[in-house]
Colleague: 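Starting off with a structure, shown below.
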Amino acid sequence: MAQYKKLYCYLARHLIWVAGLAFVAGIAMPSLYSQAQERFRQNSGRSGTPAKPGSRIFNRPAPSSPAPNRPQPKSSTAKSNQTPASNPSNSLSKTAPSAAAAIVAAKPLTQNDSDTDLIGKNVPKTEDSITVATEAEKNQVIAPDWEKPWACLMLTGRQHGYIEPCGCTGLENQKGGLNRRDTLLTSLRERGWDVFPIDTGDQVRRFGRQSEIKFARTAEALKMMDYSAVMFGPEELKLSATDLYVALTDQNGNQSSPFVAANVEILTPGAPDPIKIIQVGSRKIGITGVLGDEMSKELRSGDVTVKPAATALKVAAKKLQDAKCDFLVLIAHASLEESAELAKSEPIFDLVVTAGGYGEPYYKPEPIEGTKSVMLQVGVKGMYAGIVGLYDRKTDPISYQRVALSSQFEDSPRIMELFGRYQTELKQTGLEGLGLRPLSHPSTREFVGSESCGECHTTAFEIWKNTPHAHATDSIINPPGRGQVARHFDPECLSCHVTGWNPQGFDPYVSGYVSLEKTPHLVANGCENCHGPGAAHVAAESGDSVVSPEVLARLREEMRLPLDAAQDKCMECHDMDNSPNFHKENAFQEYWEQVKHVGKD
């Protein structure tokens with residue numbers, strides 16, 4: 001019996017120990033997981049599901065209404081079998097501060113797909129890409145039952161270089177673009193509404209002359225659309241300070257622009273404005289913006305000064321309070337967490353517009369715990385706009401709708417004219433003026449063109465000629481749907497539409513495509529983009545260079561692309577932005593059948 005008692009005590013102690021560990025893990029792991037997911041999404045370069053708010057910031061879980069065919073984040077406290085009655089987000093008005101409770105009158109995305117209708121639908125597969133517009137997003141009803149607000153805010157941001165949909169998967173399927181944004185804005189103003197656009201910044205994604213030109217044209221478009229407030233993101237602050245300062249001034253050199261930042265100074269103090277005050281009849285809307293401390297760490301320019309965000313925000317908040325504004329907006333180019341902390345440090349703001357999060361913006365504002373503020377995201381790549389209507393109602397004075405900038409919005413003629421000037425400027429600047437120098441291919445070999453490949457690989461060449469790859473350059477000389485603006489001087493388009501460029505780096509390789517006139521043999525997306533440069537192989541096979549049998553065999557082997565490695569090579573161009581359908585399950589096999597070719601005749 002003594003032995004059984006010892007065994008029982010031993011097992012009991014270990015069971016208690018294991019139970020304790022499980023309890024601690026149950027508390028700690030969701031928080032750690034949420035933090036890890038947020039960091040990953042902020043630093044990821046790929047499309048994904050929206051970042052979910054952590055329980056430490058928001059007093060309710062993620063919105064209860066996922067878009068059709070869209071993955072949505074789940075709260076760490078939500079259950080998968082959640083019903084509308086049990087969803088904590090439905091009790092927002094009971095738990096949120098007064099302004100937060102007032103803003104729950106979020107409108108449905110479409111007339112038929114209301115928030116309630118969508119609750120409880122199956123979560124779609126993660127392969128569904130947010131870059132592809134759903135049928136619902138192509139047929140949105142914009143503010144269908146809104147009365148005229150005393151003011152309307154249109155929220156945008158995080159363009160990240162995507163000034164227009166590229167059209168690679170069909171313009172009718174893609175979202176975003178300054179041209180569509182202008183059409184939406186115009187339609188709201190044609191209702192007789194006072195509309196004040198606000199942008200969180202992040203207009204470009206790369207450093208260099210092309211990004212400087214793109215930023216300048218974007219700033220011109222924002223002024224053309226009469227934006228009220230535009231924040232700076234860290235990417236544009238890496239550009240030439242001179243180009244940035246030009247964006248802050250008018251044609252006479254006077255400071256006149258929508259840009260605002262409380263903690264950023266470019267070349268001189270007071271540039272840009274630390275606050276903006278908009279007069280709407282007898283009311284005032286006060287706006288300021290800050291660049292988060294985490295994001296400002298990567299800046300190294302001596303011409304751009306960035307002050308601690310909280311310190312600068314305190315000064316700006318005092319100015320806004322002294323101005324006796326009726327509605328206060330904070331533009332926070334920061335993570336979700338830092339945006340909330342900044343709002344808590346100065347709890348006077350009614351609305352926080354954040355550049356944080358990843359993926360689609362939520363359907364409803366997110367109350368920030370301990371404040372009257374609510375937070376709205378703008379999404380990524382300029383694919384969405386948010387409409388905020390301000391009303392005199394006591395209970396729900398604010399209405400909100402997120403709008404996908406889909407093909408339902410026609411191209412704005414004035415923005416298309418601006419796009420044409422942008423492409424003309426790229427043409428006039430030239431590859432060398434853009435700072436592009438040919439790089440040596442990783443193989444150190446050089447390109448020869450698909451016609452040379454076809455001299456021996458005749459069957460494969462004939463197959464290739466009947467694929468879209470053979471017409472890739474034509475498709476940017478006369479882009480489908482937007483043929484009035486040619487794009488064959490744009491490195492961001494050339495990289496996958498000609499032969500001999502780095503598809504992800506937007507740089508030409510040595511002996512790669514230069515122009516239609518200088519390198520006509522390298523138009524189209526040719527054989528060598530997948531199999532590698534073939535000049536040495538062709539010379540050896542034709543007898544132009546005398547090599548040993550061993551070298552000849554090696555050159556042949558180097559040109560082979562095994563099928564199991566082909567998919568990764570394809571994805572260098574067929575990425576999530578340009579070919580989201582390519583990333584679905586078994587998609588490669590389906591695409592391969594359309595271009596299937598094997599070896600020499």
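Quick note: numbers below take in every heavy atom, side chains included, and nothing from hydrogens, waters or symmetry partners. What you are looking at is a predicted structure, and each value in this text was computed from that prediction instead of being measured.
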Colleague: Salt-bridged, Lys175 to Glu137, with N to O below 4.0 Å?
Modeller: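 The answer is yes: the pair qualifies as a salt bridge.
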Colleague: How about Arg402 and Leu376: do any of their side-chain heavy atoms sit closer than 4.5 Å?
Modeller: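 No, side chains not in contact.
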Colleague: Where is the tightest heavy-atom contact between Arg206 and Ser211, given as atom of each residue plus distance?
Modeller: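 What the structure gives for the nearest pair is O-OG, 2.7 Å.
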Colleague: Would you call Lys214-Asp243 a salt bridge at under 4.0 Å N-O?
Modeller: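 Judged by the 4.0 Å cut-off on N to carboxylate O distance, Lys214 and Asp243 do not form a salt bridge.
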Colleague: Between Arg487 and Glu492, does any NZ, NE, NH1 or NH2 come within less than 4.0 Å of an OD or OE carboxylate oxygen?
Modeller: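 Salt bridge absent between Glu492 and Arg487.
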Colleague: Begin from the C-alpha positions of Asn529 and Lys569 and carry the test side chain to side chain donor-acceptor pair (under 3.5 Å) through to its verdict.
Modeller: CA-CA 9 Å; Asn529 280 350; Lys569 175 59 68 174; over 6 Å; no
Colleague: Tell me yes or no: between the side chains of Asp490 and Gln423, is some donor less than 3.5 Å from an acceptor?
Modeller: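 A pair is found: one side chain offers a donor N or O, the other an acceptor, under 3.5 Å apart.
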Colleague: Restricting to non-hydrogen atoms, name the atom on Phe447 and the atom on Pro533 that form the minimum distance, rounded to 0.1 Å.
Modeller: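 Minimum heavy-atom separation between Phe447 and Pro533: CZ-CG, 3.6 Å.
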Colleague: Distance only, no hydrogens: is a donor on one side chain within 3.5 Å (strictly under) of an acceptor on the other, for Tyr227 and Thr156?
Modeller: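 There is such a pair (donor and acceptor under 3.5 Å, judged by atom type) between the side chains of Tyr227 and Thr156.
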Colleague: Begin with the C-alpha distance, continue with both residues' side-chain angles, and end with the deciding distance and a verdict on side-chain contact (heavy atoms from CB on, under 4.5 Å) for His597 and Trp592.
Modeller: CA-CA 9 Å; His597 56 280; Trp592 169 244; 4.1 Å; yes
Colleague: Is there a side-chain contact between Leu184 and Ile142 in this structure, where contact means two heavy atoms from C-beta onward sitting under 4.5 Å apart?
Modeller: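 Heavy-atom side-chain distance check passes, below 4.5 Å.
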Colleague: Side-chain contact test, heavy atoms from C-beta onward, threshold under 4.5 Å: evaluate it for Thr499 versus Val523 and give yes or no.
Modeller: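 No. Closest side-chain heavy atoms not under 4.5 Å.
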Colleague: Is any NZ, NE, NH1 or NH2 atom of the basic residue among Glu541 and Arg556 found under 4.0 Å from an Asp or Glu carboxylate oxygen of the other?
Modeller: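 Here Glu541 pairs with Arg556 in a salt bridge, since their nearest N and O are under 4.0 Å apart.
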Colleague: Could you pull out the closest heavy-atom pair between Glu528 and Val448, with the gap in Å?
Modeller: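 Taking every non-hydrogen atom into account, OE2-N, 2.8 Å.
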Colleague: Does Ile331 reach the side chain of Ile198, with side-chain heavy atoms less than 4.5 Å apart?
Modeller: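 Yes, their side chains come closer than 4.5 Å.
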Colleague: Checking Asp202 against Lys381 for the salt bridge (Lys or Arg N to Asp or Glu O under 4.0 Å) test, could you report, in this order, the C-alpha distance in whole Å, the side-chain angles of both residues, the deciding distance, and whether it holds?
Modeller: CA-CA 9 Å; Asp202 195 19; Lys381 301 176 183 176; over 6 Å; no
Colleague: I would like to know whether Gln377 and Tyr362 meet side chain to side chain donor-acceptor pair (under 3.5 Å); could you show each step before the answer?
Modeller: CA-CA 7 Å; Gln377 300 178 31; Tyr362 291 137; 4.5 Å; no
Colleague: How close do Pro503 and Glu572 get, counting heavy atoms only, and between which atoms?
Modeller: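 Heavy atoms of Pro503 and Glu572 come nearest at CG-OE1, 3.4 Å.
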Colleague: Using a cut-off of 6.0 Å, state whether more than 12 heavy atoms not belonging to Glu451 lie near its atom CD.
Modeller: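 12 or below, so no.
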Colleague: Of all the heavy-atom pairs spanning Ala133 and Lys138, show the shortest one and how long it is.
Modeller: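 Result for this residue pair: O-CE, 3.7 Å.
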Colleague: With side chains defined as the heavy atoms from C-beta onward, is the minimum distance between Val510 and Leu439 less than 4.5 Å?
Modeller: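 In short, these two side chains do not touch, never coming nearer than 4.5 Å.
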Colleague: Hey, is CD on Glu410 packed in by over 12 heavy atoms from elsewhere, all under 6.0 Å?
Modeller: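 It does not: Glu410 CD has 12 such atoms or fewer within range.
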Colleague: Does any non-hydrogen side-chain atom of Val230 lie less than 4.5 Å from one of Gln203?
Modeller: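 With C-beta onward as the side chain, the pair touches.
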Colleague: Are His531 and Arg560 close enough that some pair of their side-chain heavy atoms sits under 4.5 Å apart?
Modeller: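 Side-chain contact under 4.5 Å: no.
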Colleague: Measure the CG-OG distance between Leu237 and Ser301 for me, rounded to the nearest 0.5 Å.
Modeller: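 Rounded to the nearest 0.5 Å, the CG-OG separation comes to 8.5 Å.
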Colleague: What I want to find out is whether Arg217 reaches Glu425 closely enough, with some N-O distance under 4.0 Å, to be called a salt bridge.
Modeller: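 The answer is yes: the pair qualifies as a salt bridge.
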Colleague: Evaluate whether the separation between SG of Cys570 and SG of Cys530 stays below 2.5 angstrom.
Modeller: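 The answer is no, since Cys530 and Cys570 keep their SG atoms 2.5 Å or more apart.
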Colleague: Do the rings of His574 and Phe582 sit parallel, tilted or perpendicular, given the 30° and 60° boundaries?
Modeller: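 Correct class here is parallel.
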Colleague: Taking the side chain as everything from C-beta on, heavy atoms only, tell me whether Asn525 gets closer than 4.5 Å to Val498.
Modeller: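 Answer no - side chains too far apart.
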Colleague: Step by step, would you call Cys496 with Cys573 a disulfide bond (SG atoms under 2.5 Å apart)?
Modeller: CA-CA 6 Å; Cys496 280; Cys573 282; 2.0 Å; yes
Colleague: Apply salt bridge (Lys or Arg N to Asp or Glu O under 4.0 Å) to Glu164 and Arg180, showing your working.
Modeller: CA-CA 8 Å; Glu164 62 170 335; Arg180 294 171 175 175; over 6 Å; no
Colleague: Give a yes or no on whether a salt bridge exists between Arg421 and Glu417, defined as a side-chain N under 4.0 angstrom from a carboxylate O.
Modeller: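 Salt bridge: yes.
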Colleague: With distance as the sole criterion, is a donor-acceptor pair present between the side chains of Asn179 and Asp182 under 3.5 Å?
Modeller: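 Asp182 and Asn179 do not have a side-chain donor-acceptor pair below 3.5 Å.
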Colleague: Might you point out which heavy atoms bring Leu522 and Tyr513 nearest each other, and give the distance in Å?
Modeller: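 Minimum heavy-atom contact is CD1-N, 3.5 Å.
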Colleague: Is Arg554 paired with Glu557 through a side-chain N to carboxylate O contact shorter than 4.0 Å?
Modeller: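 No, no charged N to carboxylate O under 4.0 Å.
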